[in-house]
*Asks:* 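Let me begin by handing over the structure; questions about it come next.
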Amino acid sequence: MKFKKVVALATVMAMAVSMAACGSGSSSTDTSSSSEVSTSSEDSSSSESSSSSEAAAETESAQETALVSGKVSMSGSTSMEKYVSALIETYAEINPNITVTAEYVGSGAGIEQVIAGSVDIGNSSRNLKDAEMESGAVENIVAIDGIAVVVDPANTVDNLTQEQLISIYTGEITNWSELGGSDTPIVVIGREAGSGTRGAFEELLGIEDACAYASELDSTGAVIATVAATEGAIGYASLDSINDTVIAVKLDGVEATEENIVAGDYFLCRPFVMATNGEISEQSEAVQAWFEFVYSDEGKAVAQEVGLITVD
């Protein structure tokens with residue numbers, strides 16, 4: 001009887017040991033399985049991260065490849081220098097694969113060069129003439145600019161009517177005292193023949209070839225500097241080029257501002273043109289890419305920053 005109890009006890013103990021061993025094996029298996037799952041997850045995450053980086057690199061490479069490369073040459077209006085220089089600087093950051101250069105030799109010269117094929121774009125601060133368009137030049141208006149009438153800082157006359165301005169430039173009014181100012185001779189400053197600013201100014205006032213200039217200067221900067229340093233001087237210049245060395249007078253009581261130009265209240269305004277020999281679609285890929293930028297939101301922002309009115 002005792003022997004049966006001992007056997008039974010031994011059997012129970014053996015079963016317990018066996019079950020314990022079985023439990024230990026199961027635990028080991030679970031741990032191994034968990035480790036395998038963790039490793040698999042890490043491998044998957046690493047693989048996804050690697051794939052994401054490769055995809056980003058491929059996208060960046062594709063974008064760089066998609067950028068058009070080449071050169072764009074421009075020549076023309078000195079009044080457009082500030083605007084064009086700002087465009088070139090901004091575009092260099094957007095597409096460094098295209099080199100854009102510009103010379104500032106006057107609107108007429110720029111249009112002649114683009115018609116002759118010596119440059120890609122002729123910058124003009126006036127509308128193109130019929131003869132120029134008949135020669136193949138296409139008028140691409142990129143912005144609208146106001147022409148400010150400026151006097152030296154000591155002048156007390158701050159407003160002129162259109163009729164008075166015409167009389168000054170045609171030599172009918174020769175002293176500021178005739179306009180309520182001091183007894184000072186009026187020194188009439190203008191731009192050289194071929195200047196887009198001069199062409200637009202005279203055309204808008206209807207005084208082509210009728211001006212009595214005391215001095216004709218070859219750049220916007222020269223006009224401003226000369227007026228600032230000359231007692232009794234009056235001149236005209238692109239609105240975006242005006243600084244505090246001169247006074248911009250009102251015309252018919254209206255200030256030369258973007259808001260007044262847009263509203264149609266300020267009568268001295270003109271287009272900024274980037275002329276091409278043929279339509280834009282006929283130009284090189286680099287020139288077409290340049291115009292896409294000029295007419296884009298980024299290009300319009302540049303125009304606004306330099307005080308111009310944008311066009312669609």
Side-chain angles (χ1 to χ4, degrees), residues 74-84 104-112 114 121-133 137-150 160-170 188-213 215-224 226-227 234-242 246 248-252 254-258 260-275 303 306-311:
M74 294 186 286
S75 181
S77 172
T78 63
S79 297
M80 293 175 65
E81 181 173 0
K82 182 178 179 181
Y83 171 50
V84 171
Y104 307 98
V105 295
S107 298
I111 296 170
E112 288 178 2
V114 76
I121 297 170
N123 292 330
S124 174
S125 51
R126 60 165 171 79
N127 289 107
L128 299 189
K129 299 175 181 178
D130 290 341
E132 293 167 339
M133 290 189 284
V138 174
E139 182 179 274
N140 307 301
I141 298 175
V142 293
I144 303 296
D145 177 46
I147 299 175
V149 174
V150 296
L160 294 171
T161 66
Q162 184 169 340
E163 290 72 21
Q164 289 171 335
L165 184 60
I166 291 173
S167 295
I168 289 173
Y169 271 87
T170 56
V188 180
I189 306 297
R191 288 293 304 279
E192 82 287 3
S195 159
T197 308
R198 171 172 170 167
F201 178 81
E202 293 183 358
E203 183 179 343
L204 288 167
L205 293 177
I207 54 175
E208 299 97 322
D209 303 319
C211 293
Y213 292 114
S215 182
E216 299 177 36
L217 305 176
D218 62 2
S219 72
T220 299
V223 169
I224 294 174
T226 301
V227 171
I234 184 172
Y236 50 78
S238 177
L239 178 61
D240 71 301
S241 301
I242 304 305
V246 293
V249 301
K250 299 175 183 177
L251 297 180
D252 286 339
V254 179
E255 293 183 2
T257 65
E258 178 182 339
N260 289 333
I261 292 171
V262 172
D265 297 329
Y266 187 80
F267 64 83
L268 278 186
C269 59
R270 42 74 184 274
F272 273 2
V273 175
M274 289 187 179
V306 297
L308 298 174
I309 301 169
T310 59
V311 297

*Asks:* May I ask you to decide if E216's main-chain N or O and E192's side chain share a donor-acceptor pair within less than 3.5 Å?
*Replies:*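 No: the side chain of E192 does not pair with the backbone of E216.
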
*Asks:* Using the test side-chain hydrogen bond (donor to acceptor under 3.5 Å, both in side chains), find all partners of Y236 that sit at least two apart in sequence or belong to another chain.
*Replies:*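 Y236 satisfies side-chain hydrogen bond (donor to acceptor under 3.5 Å, both in side chains) with Y213 only.
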
*Asks:* Hey, mind stepping through I144 and L308 against side chain to side chain contact (heavy atoms under 4.5 Å, CB included) and telling me if it holds?
*Replies:* CA-CA 6 Å; I144 303 296; L308 298 174; over 6 Å; no

*Asks:* Apply the test side chain to side chain contact (heavy atoms under 4.5 Å, CB included) to residues I121 and N123: give CA-CA distance (whole Å), side-chain angles for both, the deciding distance (0.1 Å), then the verdict.
*Replies:* CA-CA 6 Å; I121 297 170; N123 292 330; 3.5 Å; yes

*Asks:* Nearest 0.5 angstrom please: I207 CD1 to T170 OG1, how far?
*Replies:*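 That separation rounds to 6.5 Å.
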
*Asks:* Can you name the side-chain hydrogen bond (donor to acceptor under 3.5 Å, both in side chains) partners of Y104, sequence neighbours left out?
*Replies:*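 Expected list: S85.
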
*Asks:* Just so I know, are the side chains of F267 and L204 near enough to count as touching, which here means a heavy-atom distance under 4.5 Å?
*Replies:*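 Side-chain contact under 4.5 Å: no.
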
*Asks:* Are I234 and I168 close enough that some pair of their side-chain heavy atoms sits under 4.5 Å apart?
*Replies:*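 I234 reaches I168 side chain to side chain.
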
*Asks:* Atom OG1 in T257, atom CG in L239: separation rounded to 0.5 Å?
*Replies:*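 That separation rounds to 8.0 Å.
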
*Asks:* Would you say T220 and S241 are linked by a side-chain donor-acceptor pair, where the criterion is simply a distance under 3.5 Å?
*Replies:*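 S241 vs T220: no donor-acceptor pair found between side chains.
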
*Asks:* Show the nearest heavy-atom pair for residues V311 and A143, with the distance to one decimal.
*Replies:*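 Taking every non-hydrogen atom into account, CG2-N, 4.0 Å.
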
*Asks:* Between N140 (side chain) and V273 (backbone), is there a donor-acceptor pair under 3.5 Å?
*Replies:*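 Side chain of N140 to backbone of V273, a donor-acceptor pair under 3.5 Å: no, none is there.
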
*Asks:* Taking side chain to side chain contact (heavy atoms under 4.5 Å, CB included) as the test, write out the residues that go with D130, two or more places apart.
*Replies:*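 Per chain and number, D130 pairs via side chain to side chain contact (heavy atoms under 4.5 Å, CB included) with M133, E134.
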
*Asks:* Without hydrogens or angle criteria, can the side chains of R198 and S107 be said to hold a donor-acceptor pair below 3.5 Å?
*Replies:*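 No, because no side-chain N or O of R198 sits under 3.5 Å from a partner of the opposite role on S107.
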
*Asks:* State, without any angle test, whether T161 and D252 hold a side-chain donor-acceptor pair at a distance under 3.5 Å.
*Replies:*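 Distance-only check fails for T161 and D252.
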
*Asks:* Find the distance between CZ (R270) and CD1 (I261) and round it off to the nearest 0.5 Å.
*Replies:*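 Reported to 0.5 Å precision, the distance equals 10.0 Å.
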
*Asks:* Can you list the steps and then say if E139 with I141 is a side chain to side chain contact (heavy atoms under 4.5 Å, CB included)?
*Replies:* CA-CA 6 Å; E139 182 179 274; I141 298 175; 3.8 Å; yes

*Asks:* Could you tell me if the side chain of I166 sits less than 4.5 Å from the side chain of Q164, heavy atoms only?
*Replies:*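 Result no, sub-4.5 Å side-chain heavy-atom pair not found.
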
*Asks:* Check whether any side-chain heavy atom of V149 sits under 4.5 Å from a side-chain heavy atom of L165, and report yes or no.
*Replies:*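 Of all side-chain heavy-atom pairs linking L165 with V149, at least one is under 4.5 Å.
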
*Asks:* So, are D218 and R191 salt-bridged, with charged N and O less than 4.0 Å apart?
*Replies:*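 Between R191 and D218 there is no salt bridge, as every charged N stays at least 4.0 Å from the carboxylate O atoms.
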
*Asks:* What's the shortest heavy-atom distance between T310 and A303, and which atoms?
*Replies:*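 Scanning both residues, the minimum pair turns out to be CG2-CB, 3.9 Å.
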
*Asks:* Say whether, by atom type as modelled, one donor and one acceptor occur between the side chain of S125 and the main chain of F272 under 3.5 angstrom.
*Replies:*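 Between the backbone of F272 and the side chain of S125 there is no qualifying donor-acceptor contact (under 3.5 Å).
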
*Asks:* Just by modelled atom types, is the G190 backbone N or O under 3.5 Å from a matching donor or acceptor in the Y169 side chain?
*Replies:*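 No: the side chain of Y169 does not pair with the backbone of G190.
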
*Asks:* If you measure only the distance, is there a donor-acceptor pair under 3.5 Å linking the side chains of T197 and S79?
*Replies:*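 Result is yes, a qualifying pair exists.
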
*Asks:* Give the minimum heavy-atom separation between A237 and I242, together with the two atoms involved.
*Replies:*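 Minimum heavy-atom contact is CB-CD1, 4.0 Å.
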
*Asks:* Rounded at 0.5 Å granularity, tell me how far CE in M274 sits from OH in Y83.
*Replies:*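 Nearest 0.5 Å value for the CE-OH distance: 5.0 Å.
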
*Asks:* Considering non-hydrogen atoms only, spot the tightest contact between I111 and A137 and give its length.
*Replies:*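 The pair with the smallest heavy-atom distance is CG2-CB, 4.4 Å.
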
*Asks:* Please determine whether the number of non-hydrogen atoms from other residues, nucleotides or ligands lying under 6.0 Å from atom CD of E203 exceeds 12.
*Replies:*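 Not more than 12 within 6.0 Å, no.
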
*Asks:* Check whether E132 reaches the backbone of K129 with its side chain - one donor and one acceptor, N or O, closer than 3.5 Å.
*Replies:*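 Checked: pair present.
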
*Asks:* V150 versus V249: any side-chain heavy-atom pair under 4.5 Å?
*Replies:*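 Counting from C-beta outward, V150 and V249 never come under 4.5 Å.
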
*Asks:* Atom CG in L217, atom OG in S195: separation rounded to 0.5 Å?
*Replies:*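 Interatomic distance, L217 CG to S195 OG, rounded to 0.5 Å: 10.0 Å.
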
*Asks:* Where do V138 and L128 come nearest, in terms of heavy atoms and distance?
*Replies:*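 Distance-wise, the nearest heavy atoms are C-CD1, 3.7 Å.
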
*Asks:* Mind listing the closest non-hydrogen atom pair of V105 and G110 along with its distance?
*Replies:*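 Shortest heavy-atom separation between V105 and G110 comes out as CG2-N, 4.3 Å.
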
*Asks:* Could you grab the distance from atom CD of E255 to atom NZ of K250, nearest 0.5 Å is fine?
*Replies:*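 NZ of K250 is found 5.0 Å from CD of E255.
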
*Asks:* Heavy atoms, side chains only, cut-off 4.5 Å: are C211 and E202 in contact?
*Replies:*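 In short, these two side chains touch, coming nearer than 4.5 Å.
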
